[in-house]
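Keep in mind that what you see is a predicted model, and the values were worked out from it rather than measured. These values consider heavy atoms only, across backbone and side chains, with no hydrogens, waters or symmetry-generated copies.
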Amino acid sequence: MPRLSEVIAALENLWPAERAESWDAVGTVVGDPDQEIARVLFAVDPVREIVDEAVKLGADLLVTHHPLYLRGTTTVAASTFKGRAVHTLIKHDIALHVAHTNADTADPGVSDALAGALDLRVVRPLVPDPTDPEGRRGLGRVCELDHPLTVRELAARAAERLPATAQGIRVAGDPGATVRTVAVSGGSGDSLFDAVRAAGVDAFLTADLRHHPASEARAHSPLALLDAAHWATEWPWCELAASQLDEISDRHGWDLRVHVSKTVTDPWTAHAASTATTDN
């Protein structure tokens, strides 16, 4: 049975902390390096529902994509919801490790998992990591479809393949336009429009698209936009990461039991469609 320090070393090899953005907060948040690890749970968010799931599962390590304390804190008092998470984790001897932007740009990373969920063939990173001589790491991915689809059909595929959320998939552009190439980026992607336009793709699938950046992007070109829920675009990474740790466990003879949470932690819980007033 491996110790936490050994498992963390393996995870750091997959997603080195030094490749995280300077503003990010990645790495081990809670945990004794000498603690023995038998069961691991992967999830997107370190929220109460996930912490409670880890306790119920009997996990020794929780690995999340989103940080618990992104902007720092001055207290871990149990009267705060994040402090309560820390107290619960420590009380039940559960370590917490975070891989965020260092997992976004990894090879394979968050956007590779998103592309895989949609059966897209990855061609290259959308924003390459200049420190990678092989040109495989970076933010987002430029992808090709195995055969052309309309924007409407691509949106339907995304709605079917990604975890269900209240939002579903929003579309900007001609639903009947043909799509052969797609840029994808898990999580918030509207800072990447310059790179997406430079890539010359037919569509961009990401999350958290705001009004003004989306409007300006549509004014620049016929680029179709597909806006999914933030959580849904990053959840496929949990399955990818779990499979990577499974392979490491087999190689080292650790016999870890690795799980992926299917608890939906997207904050939006319902959707009421507007009554159509135009042909669109």
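Between the side chains of Thr131 and Arg137, at least one donor N or O lies within less than 3.5 Å of an accepting N or O. At a cut-off of 3.5 Å, with distance as the only test, no side-chain donor of His252 or Glu6 sits close to an acceptor on the other residue. There is a side-chain donor-acceptor pair under 3.5 Å between Thr263 and Glu53. A side-chain donor-acceptor contact under 3.5 Å links Asp24 and Thr101.
Within a 6.0 Å radius of CZ in Arg218, other residues, nucleotides and ligands contribute more than 12 heavy atoms. Summarising the local packing, CZ of Arg251 is surrounded by more than 12 heavy atoms from other residues, nucleotides or ligands at distances under 6.0 Å. Within a 6.0 Å sphere centred on CD of Glu134, heavy atoms belonging to other residues, nucleotides or ligands number 12 at most. Crowding of Asp34 atom CG: a count of heavy atoms from other residues, nucleotides or ligands under 6.0 Å exceeding 12. By the neighbour-count criterion of 12 heavy atoms within 6.0 Å, atom CZ of Arg197 is densely surrounded, having more than that number from other residues, nucleotides or ligands.
In this structure, CD on Glu12 lies 9.5 Å from CG on Leu14, to the nearest 0.5 angstrom. In this structure, CD1 on Ile94 lies 8.5 Å from CG on Leu57, to the nearest 0.5 angstrom. For the atom pair CG of Leu139 and OG1 of Thr105, the computed distance is 7.5 Å after rounding to the nearest 0.5 Å. Atom CG of residue Asp250 and atom CG of residue Leu245 lie 9.5 Å apart, to the nearest 0.5 angstrom. Here Leu209 contributes atom CG and Arg170 contributes atom CZ; the two are 7.0 Å apart, rounded to the nearest 0.5 Å. The structure places CD of Glu144 at 10.5 Å from CG of Asp202, a figure rounded to the nearest 0.5 Å.
Taking both residues in full, the closest heavy atoms of Ala203 and Val179 are given as CB-CG1, 4.0 Å, listed atom of the first, atom of the second, then distance. The two residues Phe204 and Leu192 make their nearest non-hydrogen contact at CZ-CB, 4.4 Å. The shortest heavy-atom contact between Arg3 and Ile37 is C-CG1, 4.1 Å. Residues Asp45 and Ile50 share a closest heavy-atom pair of O-CG1, 3.1 Å. Closest of all the heavy-atom pairs between Ala85 and Val51 is CB-CG2, 4.1 Å. The nearest pair of heavy atoms linking Ala207 to Ala229 is CB-C, 3.9 Å.
Under the 4.0 Å criterion applied to side-chain N and carboxylate O atoms, Asp60 and Arg39 are not assigned as salt-bridge partners. Under a 4.0 Å N-O distance rule, the pair Asp52/Arg48 qualifies as a salt bridge. A salt bridge does not link Glu153 to Arg157: none of the charged nitrogens lies less than 4.0 Å from a carboxylate oxygen. Taking the charged nitrogens against the carboxylate oxygens, Asp146 and Arg121 have no contact shorter than 4.0 Å, which rules out a salt bridge.
Partner Val98 forms a side-chain contact (heavy atoms from CB on, under 4.5 Å) with one of Val29, Leu62, Leu68 and no other, that one being Val29.
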One pair to check against salt bridge (Lys or Arg N to Asp or Glu O under 4.0 Å): Arg19 and Asp129. What are the steps and the verdict?
CA-CA 9 Å; Arg19 292 186 187 149; Asp129 181 347; 5.0 Å; no

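Both Leu41 and Leu96 sit in one connected hydrophobic cluster of ILVMFWY residues. Membership requires side-chain heavy atoms under 4.5 Å apart, directly or through other members. Note: the hydrophobic cluster containing Val142 does not contain Val182 (ILVMFWY, side chain heavy atoms under 4.5 Å, direct or indirect links). Residues Val63 and Val26 fall into different hydrophobic clusters, defined by Ile, Leu, Val, Met, Phe, Trp and Tyr side chains chained together at heavy-atom separations under 4.5 Å. When hydrophobic clusters are built by joining Ile, Leu, Val, Met, Phe, Trp and Tyr residues whose side-chain heavy atoms come closer than 4.5 Å, directly or via intermediates, Leu149 is grouped together with Ile169. Leu120 and Val127 are assigned to two separate hydrophobic clusters, defined by single-linkage of ILVMFWY side chains at heavy-atom distances under 4.5 Å.
For the pair Val123/Cys143, no side-chain contact is recorded, criterion being any heavy-atom separation below 4.5 Å from C-beta on. For the pair Trp235/Lys262, a side-chain contact is recorded, criterion being any heavy-atom separation below 4.5 Å from C-beta on. Two residues are said to be in side-chain contact when any heavy atoms from C-beta on lie closer than 4.5 Å; Trp15 and Gln244 meet this criterion. Residues Val171 and Val151 have side chains in contact (heavy-atom distance under 4.5 Å, counting atoms from C-beta outward). Contact annotation: the side chain of Trp254 never approaches that of Asp246 to less than 4.5 Å [non-hydrogen atoms, C-beta and beyond]. Two residues are said to be in side-chain contact when any heavy atoms from C-beta on lie closer than 4.5 Å; Lys82 and Tyr69 meet this criterion. Between Arg161 and Asp119 the shortest side-chain heavy-atom distance falls below 4.5 Å. Trp237 places none of its side-chain heavy atoms less than 4.5 Å from the side chain of Leu114.
Between the side chain of Gln35 and the main chain of Asp93, a donor-acceptor pair closer than 3.5 Å is present. A donor-acceptor contact shorter than 3.5 Å is absent between the side chain of Asp190 and the backbone of Pro213. A donor-acceptor contact shorter than 3.5 Å is absent between the side chain of Thr165 and the backbone of Trp231. With hydrogens and angles disregarded, no donor-acceptor distance shorter than 3.5 Å links the side chain of Ser188 to the backbone of Asp208. Looking at Ser249, its side chain does come within 3.5 Å of a backbone N or O of Leu256 through a donor-acceptor pair. No side-chain donor-acceptor contact under 3.5 Å links Thr28 to the backbone of Val30. Panel note: side chain Glu239, backbone Ala113; no donor-acceptor pair is recorded below 3.5 Å. Checked by atom type and distance alone, the side chain of Asn102 pairs as donor or acceptor with a backbone atom of His100 at under 3.5 Å.
Taking the six-membered ring where the residue is Trp, the centroids of His230 and His65 are separated by 6.0 Å or more.
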